[in-house]
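Working notes, beginning with the structure itself.
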There are 2 protein chains.
Amino acid sequence: MEPEKRNQMAAEVLSNPRNQHEEIQALQDTLYVLGGKWKLPIINSICNGNKRFRDIERSIPGITTRMLSKELKEMTANQLIKRTVIDDTPVAIEYTSTEYCRSFGDIILEMIKWGKQHRQKLKTGD
Amino acid sequence: MEPEKRNQMAAEVLSNPRNQHEEIQALQDTLYVLGGKWKLPIINSICNGNKRFRDIERSIPGITTRMLSKELKEMTANQLIKRTVIDDTPVAIEYTSTEYCRSFGDIILEMIKWGKQHRQKLKTGD
DNA sequence: CAGCATCCCAGGGGATACTG
DNA sequence: CAGTATCCCCTGGGATGCTG
């Protein structure tokens with residue numbers, strides 16, 4: 001397809017209020033699931049291989065045990081992560097990512113990309 | 001480069017605490033800029049061509065004039081959007097996106113994509 | 001139309017201390 | 001280590017009504 005025609009189609013898609021509404025709805029759904037300051041950093045940390053409570057905590061600047069505890073509980077309930085009790089002595093707890101959790105990978109990647117570019121811009125002088 | 005070597009490198013990058021820290025920092029920076037329920041939907045709406053206050057308001061389910069007003073003001077101050085007064089009679093106001101604003105495009109796209117897949121999954125039965 | 005002013009509140013989130 | 005428990009605060013955000 002010629003680029004011109006493609007642009008025309010894109011314009012039609014965007015100008016269709018039905019589609020716009022669907023997209024904004026999808027966006028708000030995602031925002032709802034990821035609401036709050038901590039879910040994405042936690043997902044990122046666990047996907048990066050951090051399994052232990054302390055490790056996750058240390059890997060996220062600013063988070064408190066309280067918030068981490070609350071979020072981990074909620075995210076476990078929502079099947080975002082898996083909590084495993086390892087019956088060693090002493091008992092160890094491990095948090096691991098689920099497929100559902102990893103489905104946020106692209107979003108996180110884009111946000112990291114944006115954040116890095118942002119820093120770069122600040123350094124090079126606005 | 002062979003895929004194997006690439007994976008090895010990716011593993012090294014991830015296992016390097018220095019990089020992990022940088023990434024989580026970038027992620028948190030982005031989260032900070034986009035904090036709250038409304039900034040992304042507003043950016044999306046304006047990038048979709050909505051210019052007038054009422055149009056933007058109508059395009060975002062659930063938003064109140066108060067929040068829209070507050071966010072628009074803040075986002076204008078932060079150069080995220082441009083506010084133009086058109087000296088017609090009656091006077092009209094137009095909000096338009098800036099380059100900075102459009103730099104969130106990929107993030108929004110990914111979130112819309114996720115939201116749509118999510119809905120799809122719910123429909124087909126978890 | 002494009003907002004501002006008020007009132008009000010839940011709950012997100014911080015600090016700190018404590019437990020098995 | 002892996003959390004709970006309290007206390008407390010702030011502010012994001014809703015509802016409603018009013019103005020130029």
Side-chain angles (χ1 to χ4, degrees), chain A residues 24-25 27-46 49-78 80-97, chain B residues 24 27-46 48-78 80-97:
Chain A
I24 218 147
Q25 193 56 54
L27 178 58
Q28 286 186 296
D29 286 353
T30 307
L31 251 12
Y32 178 77
V33 175
L34 297 177
K37 276 170 82 171
W38 302 116
K39 287 198 187 63
L40 280 177
I42 292 172
I43 291 174
N44 182 248
S45 175
I46 293 179
N50 291 306
K51 298 176 185 309
R52 313 296 301 273
F53 191 94
R54 288 282 157 190
D55 292 338
I56 300 169
E57 190 183 4
R58 265 191 294 266
S59 76
I60 305 175
I63 200 167
T64 59
T65 66
R66 192 181 105 88
M67 287 316 293
L68 181 54
S69 171
K70 266 180 68 173
E71 297 282 13
L72 284 176
K73 197 178 290 181
E74 191 187 326
M75 290 164 73
T76 302
N78 296 341
L80 262 167
I81 52 182
K82 201 161 51 103
R83 183 182 191 272
T84 314
V85 181
I86 295 171
D87 238 333
D88 237 340
T89 27
V91 176
I93 312 282
E94 275 191 9
Y95 293 96
T96 48
S97 66
Chain B
I24 218 148
L27 178 58
Q28 286 186 295
D29 286 352
T30 307
L31 251 12
Y32 178 78
V33 175
L34 297 177
K37 275 170 82 172
W38 302 116
K39 287 198 188 64
L40 280 177
I42 291 171
I43 291 174
N44 182 249
S45 175
I46 294 180
N48 269 357
N50 292 306
K51 297 176 187 308
R52 314 296 301 273
F53 191 94
R54 286 285 155 187
D55 292 338
I56 301 168
E57 189 183 3
R58 265 191 292 267
S59 76
I60 305 175
I63 199 168
T64 60
T65 67
R66 191 179 107 87
M67 287 316 293
L68 181 55
S69 173
K70 264 178 70 172
E71 298 281 13
L72 285 176
K73 197 179 291 182
E74 192 186 325
M75 290 164 73
T76 303
N78 295 341
L80 262 167
I81 52 181
K82 202 161 52 104
R83 183 182 191 272
T84 314
V85 180
I86 295 171
D87 238 334
D88 238 342
T89 28
V91 176
I93 314 282
E94 274 191 10
Y95 293 95
T96 47
S97 65

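These figures come from a predicted structure and were not determined experimentally. Each chain gets a letter, A, B and so on, in the order its sequence line appears, and its residues count up from 1.
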Sequence neighbours left out, what passes salt bridge (charged side-chain N to carboxylate O under 4.0 Å, His left out) with [X]? Give chain and number order.
| X | value |
| --- | --- |
| A:R83 | none |
| A:R54 | A:E57 |
| B:R66 | none |

Provide the closest heavy-atom pair for B:T65 versus B:F53 in the form atom of the first, atom of the second, distance.
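Closest approach of B:T65 to B:F53: O-CZ, 3.9 Å.
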
List the residues meeting side-chain contact (heavy atoms from CB on, under 4.5 Å) with A:P61, not counting sequence neighbours, and say none if there are none.
B:H21, B:I24, B:Q25, B:Q28

Among residues at least two apart in sequence or on other chains, which ones pass side-chain contact (heavy atoms from CB on, under 4.5 Å) with A:K73?
none

Tell me, do B:L31 and A:P41 make a side-chain contact under 4.5 Å, heavy atoms counted?
yes

Scan residues 31-45 of chain A for pairs that pass side chain to side chain donor-acceptor pair (under 3.5 Å), counting only residues two or more places apart or in two chains.
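Every side chain to side chain donor-acceptor pair (under 3.5 Å) pair that includes a residue of residues 31-45 of chain A, provided the two are not neighbours, is A:K39-A:E71, A:S45-A:N50, A:S45-A:S59.
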
Along DNA chain C, 5' to 3', what are the outermost nucleotides having an atom less than 4.0 Å from a heavy atom of chain A?
C:dG13 to C:dA15

Between the two ends of the helix from C:dC1-D:dG20 to C:dG20-D:dC1, what is the bend in degrees, rounded to 10 degrees, where each end axis spans five pairs?
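Answer rounded to 10°: the end axes differ by 50°.
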
Give a yes or no on whether the backbone of B:I93 and the side-chain of B:R52 come within a donor-acceptor separation of less than 3.5 Å.
yes

Quick tally for nucleotides 2-13 of chain D: nucleotides whose base has a protein heavy atom under 4.0 Å get B, sugar-phosphate-only ones S, the rest -, giving BSB-B------B

I'd like to check the side-chain hydrogen bond (donor to acceptor under 3.5 Å, both in side chains) partners of A:D55; sequence neighbours left out, ordered by chain and number.
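By the side-chain hydrogen bond (donor to acceptor under 3.5 Å, both in side chains) rule, A:D55 matches A:R58.
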
